[in-house]
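Naming: A, B, ... by sequence-line order, numbering from 1 per chain. Since we're looking at a predicted model, the values are computed, not measured.
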Protein chains: 2
Amino acid sequence: MSKSVNQTKASIVKAAISLFAVQGFGSTSIREIADTAKVNSALVSYHFKNKQGILEWMMIDYFEKLFTKLQPVTQGGEEQEESCFQQLIDSLDTLIGYQAENMEVSAIILRELSVDSMLVREVMSTYMARLKAHFATLLETGMERGEFDCDLDVEMQLIHMMGGMFFPYSNPQIMRELFYVEPMSPEYRQRYIGFLSKVWGYKLKNDEF
Amino acid sequence: MSKSVNQTKASIVKAAISLFAVQGFGSTSIREIADTAKVNSALVSYHFKNKQGILEWMMIDYFEKLFTKLQPVTQGGEEQEESCFQQLIDSLDTLIGYQAENMEVSAIILRELSVDSMLVREVMSTYMARLKAHFATLLETGMERGEFDCDLDVEMQLIHMMGGMFFPYSNPQIMRELFYVEPMSPEYRQRYIGFLSKVWGYKLKNDEF
DNA sequence: GTCTATATATTGATAGAC
DNA sequence: GTCTATCAATATATAGAC
């Protein structure tokens, strides 16, 4: 019985992550990755077929693990279950925490999602669509239940919400050098969730005031 | 008297923009740019020194023109001048409009700002810092004047605001394929500004209710 | 699974003629 | 400013031994 993930394969991925993160996918060569991982460069082709194969593996692994952590939305009818507001905050917290724990991969993926390729389109139509659906469901059922303000454009709320969640992990350098915050730290996560709770507190329906 | 910007130089930039946008800076070669621009590849080195030189030219040109359009904040003491809230909305509208008019370059810059290089650090410490200062001033003076809710974390508001503004232009593909909106269109701009006005309307101090 | 060796193509960049 | 010609470096990818 061998290790579930090959040691060489793991070290290639690890090296690729650190290189892609600082200099970008396109500016990184297979040889560079192999050297950093201290493995023979031919092994990259063996394990991943080509450079894009590493990125593909990285993206799938990232999203599969993410969806393991995201609790499915409880839409069930009756009492005692969590409010949509609470579920929303929990989901945001999970997503932010996950991005913080995987800063480099998060940044790589968000960056590479802005280029045009077959791989990107596939990730977009599967994982990103699933992620959007998750938050859309929360927002919509929350509105049906009267938990949220129905006056606001739902799609715009989603866009604004996603922007707010992704941006700090898409451009951590901006966070660090411009705002002097470390998006990787638990403090940031807590601060951000606190901020969101407060902002949305204002948007809850009247009886919340 | 010759043209202020060399024709060849302009066509190289134009070609580089379309290539960088779809396949990324690192995955684009000088030859590819030259071929697309239908100019000799040696001219790229002549006009821009190297590939990074094109990106540098692109960034400087982009930000210089942006700051031409952004109205300086009027902090002056007395009446009759615009409210900070209105100035904020105006600035956001300008920035969003500018990004929409320069979709490809906006996406390229936001993407490349997430890699680590000397150029990026310089752009960050000059232009991005200036942009942050612009919005920070608006928010802070607005709070001093009692136009905004002072309970909210200012820095977090800035971060969230920037995220919301940049994200759609950083990842236009997500907007198109996930939300079915075209961030380049004037409709989107209007819709987004309308949304923001409404959201912040809730956060204005009490006498606004 | 890992290595050596290598084929083949592409890269960025420049020297020098026009 | 523009071109041709070219170099040296580096790229990806594979065949075949171990």
Nearest whole angstrom, please: distance from the [atom2] of [N] to the [atom1] of [X].
X       : N      : atom1 : atom2 : answer
A:Lys38 : C:dC3  : NZ    : C1'   : 18 Å
A:Gln52 : D:dA11 : CD    : P     : 18 Å
B:Lys9  : D:dG1  : NZ    : C1'   : 13 Å
A:Ile30 : C:dT10 : CD1   : C1'   : 14 Å
A:Gln7  : C:dT2  : CD    : P     : 9 Å
B:Asp35 : C:dT10 : CG    : P     : 12 Å
B:Asn40 : C:dG12 : CG    : P     : 14 Å
A:Phe48 : C:dT2  : CZ    : P     : 11 Å

Assign [X] to base, sugar-phosphate, or nothing according to its heavy-atom contacts below 4.0 angstrom with the strands shown.
X       : answer
A:Ser41 : nothing
A:Ser45 : base
A:Leu43 : base
B:Ser27 : nothing

Compare the minimum distances between each of [options] and the side chain of [X], then state the nucleotide with the smallest one.
X       : options               : value
B:Arg31 : C:dG12, D:dT4, C:dT4  : C:dG12
A:Asn6  : C:dG12, C:dG1, D:dT2  : C:dG1
A:Tyr46 : C:dG1, D:dT2, C:dA13  : C:dG1
A:Thr8  : C:dG12, C:dT4, C:dT2  : C:dT2
B:Asn50 : D:dA13, C:dT4, C:dA13 : C:dA13
A:Ala42 : C:dT14, C:dT2, C:dT4  : C:dT4

Any ion pair linking A:Lys65 and A:Glu101 (charged N to carboxylate O, less than 4.0 Å)?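 Answer for the salt bridge query: no.
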
Any side-chain donor paired with an acceptor under 3.5 Å for B:Ser91 and B:His134?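 Distance-only check passes for B:Ser91 and B:His134.
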
Ring geometry between B:Phe48 and B:Trp57 (parallel below 30°, tilted from 30 to 60°, perpendicular above 60°):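 Correct class here is perpendicular.
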
Test salt bridge (charged side-chain N to carboxylate O under 4.0 Å, His left out) on A:Lys132 and A:Glu155; report intermediate values, then the result. CA-CA 10 Å; A:Lys132 181 205 166 184; A:Glu155 287 279 294; 3.7 Å; yes

Among B:Arg191, B:Arg189, B:Lys69, which one satisfies salt bridge (Lys or Arg N to Asp or Glu O under 4.0 Å) with B:Asp93?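 Checked B:Arg191, B:Arg189, B:Lys69 against B:Asp93; only one passes salt bridge (Lys or Arg N to Asp or Glu O under 4.0 Å): B:Arg189.
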
